[in-house]
Amino acid sequence: MFGKKKQKISLNDLMEQLRPDLSRESLGVGPEFPGVAPNPLLSGEARKRNAELRAGALAIGVLVDWREVSSDGSPRVVLMLDVDTTDGISFRGIADEDLTITELTRLAPGQTMPVRYRPAVMDHYVALARDADPADVQKVADEIARRKQG
């Protein structure tokens, strides 16, 4: 009866207000993108997603840009990549990664990186495929190049 009604603010809206550089628009993803977790270590959903991504399908990503999320300990960075898959699908991928200072200083737009994604979900999330065998990465890159030529 008295006072104002409280408006419910979603986590994504709050993140967009606090970090406009991490908004869906500035990351170049559509409205279906679930958003960047403020702290993926505290989010059970983010931990599950990261585990699924580590076992995901291999693809090739080209670094478009990145945003540093935090610099406590090893820097946490959100990488924006244009991803090509062997199935002929291209999409803007977002990788939420902890990098070393050395890795961070070596980031450059246009850099090609192997990534993993979840073909069944296709939610823009990807993870760097640091464990990928270089021979497998080369096979994927060759298959993608063949698809683009023909």
Side-chain angles (χ1 to χ4, degrees), residues 6-134 136-141 143-145 147-148:
K6 288 187 180 181
Q7 289 184 338
K8 240 186 173 178
I9 297 176
S10 74
L11 183 59
N12 289 328
D13 293 336
L14 182 61
M15 276 301 289
E16 192 168 331
Q17 288 174 6
L18 295 174
R19 292 290 307 265
D21 59 325
L22 296 177
S23 70
R24 289 178 175 95
E25 185 177 309
S26 67
L27 293 175
V29 293
E32 71 280 357
F33 180 61
V36 176
N39 184 347
L41 300 176
L42 297 179
S43 167
E45 186 178 315
R47 285 193 309 270
K48 179 182 174 208
R49 177 185 66 240
N50 289 340
E52 290 173 356
L53 282 169
R54 300 292 174 215
L58 198 57
I60 301 295
V62 176
L63 184 63
V64 175
D65 200 1
W66 66 92
R67 309 272 194 277
E68 191 169 344
V69 179
S70 71
S71 57
D72 304 340
S74 61
R76 182 172 159 232
V77 179
V78 173
L79 305 169
M80 291 163 278
L81 304 120
D82 285 335
V83 177
D84 289 312
T85 71
T86 56
D87 298 334
I89 299 168
S90 297
F91 64 95
R92 171 65 49 91
I94 304 297
D96 190 343
E97 299 283 342
D98 290 324
L99 301 179
T100 65
I101 297 295
T102 305
E103 289 171 323
L104 184 62
T105 59
R106 292 183 179 160
L107 291 178
Q111 186 176 358
T112 302
M113 305 173 168
V115 296
R116 295 197 183 277
Y117 71 105
R118 300 177 297 173
V121 180
M122 295 301 293
D123 60 358
H124 294 281
Y125 283 113
V126 297
L128 294 182
R130 296 174 180 178
D131 63 333
D133 180 2
D136 292 339
V137 173
Q138 189 60 52
K139 284 180 194 172
V140 169
E143 176 66 27
I144 291 168
R147 278 190 176 277
K148 286 187 174 184

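Computed over heavy atoms, backbone and side chain alike; hydrogens, waters and symmetry mates excluded.
Rounded to the nearest 0.5 angstrom, Met80 CE and Asp65 CG are separated by 4.0 Å. To the nearest 0.5 angstrom, Leu53 atom CG is 10.5 Å from Asp96 atom CG. With rounding to the nearest 0.5 Å, the separation of CZ in Arg118 from CZ in Arg54 is 11.5 Å. For the atom pair CD (Gln138) and CG (Asp133), the distance works out to 11.0 Å, reported to the nearest 0.5 Å. Atom CG of Leu58 is separated from atom CD of Glu143 by 12.0 Å, given to the nearest 0.5 angstrom. Rounded to the nearest 0.5 Å, atoms CG (Leu99) and CZ (Arg130) are 5.5 Å apart.
Closest approach of Glu68 and Leu104 over heavy atoms only: OE1-CD2, 4.0 Å. Listed here is the closest heavy atom pair of Pro75 and Ile101: CG-CD1, 3.6 Å. Of all non-hydrogen atoms in Ala95 and Ala127, the two that sit nearest each other are CB-CA, 4.5 Å. Residues Arg116 and Ala129 share a closest heavy-atom pair of CG-CB, 3.7 Å. Residues Val64 and Pro109 approach most closely at O-CB, 3.9 Å, considering heavy atoms. Considering all non-hydrogen atoms of both residues, Ile144 and Thr85 come closest at CG1-O, 3.6 Å.
Contact annotation: the side chain of Arg92 never approaches that of Leu81 to less than 4.5 Å [non-hydrogen atoms, C-beta and beyond]. Between Leu79 and Val115 there is no side-chain heavy-atom pair separated by less than 4.5 Å.
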Worked verdict on Asp123 versus Arg49 for salt bridge (Lys or Arg N to Asp or Glu O under 4.0 Å): CA-CA 10 Å; Asp123 60 358; Arg49 177 185 66 240; 5.6 Å; no

Give the C-alpha distance, both sets of side-chain angles, the deciding distance and a yes or no for side chain to side chain contact (heavy atoms under 4.5 Å, CB included) between Val77 and Arg67. CA-CA 6 Å; Val77 179; Arg67 309 272 194 277; 6.0 Å; no

From CA spacing to verdict: side chain to side chain contact (heavy atoms under 4.5 Å, CB included), Tyr117, His124: CA-CA 8 Å; Tyr117 71 105; His124 294 281; over 6 Å; no

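Asp84 has a carboxylate O that lies under 4.0 Å from a charged side-chain N of Lys148, or vice versa, which qualifies the two as a salt bridge.
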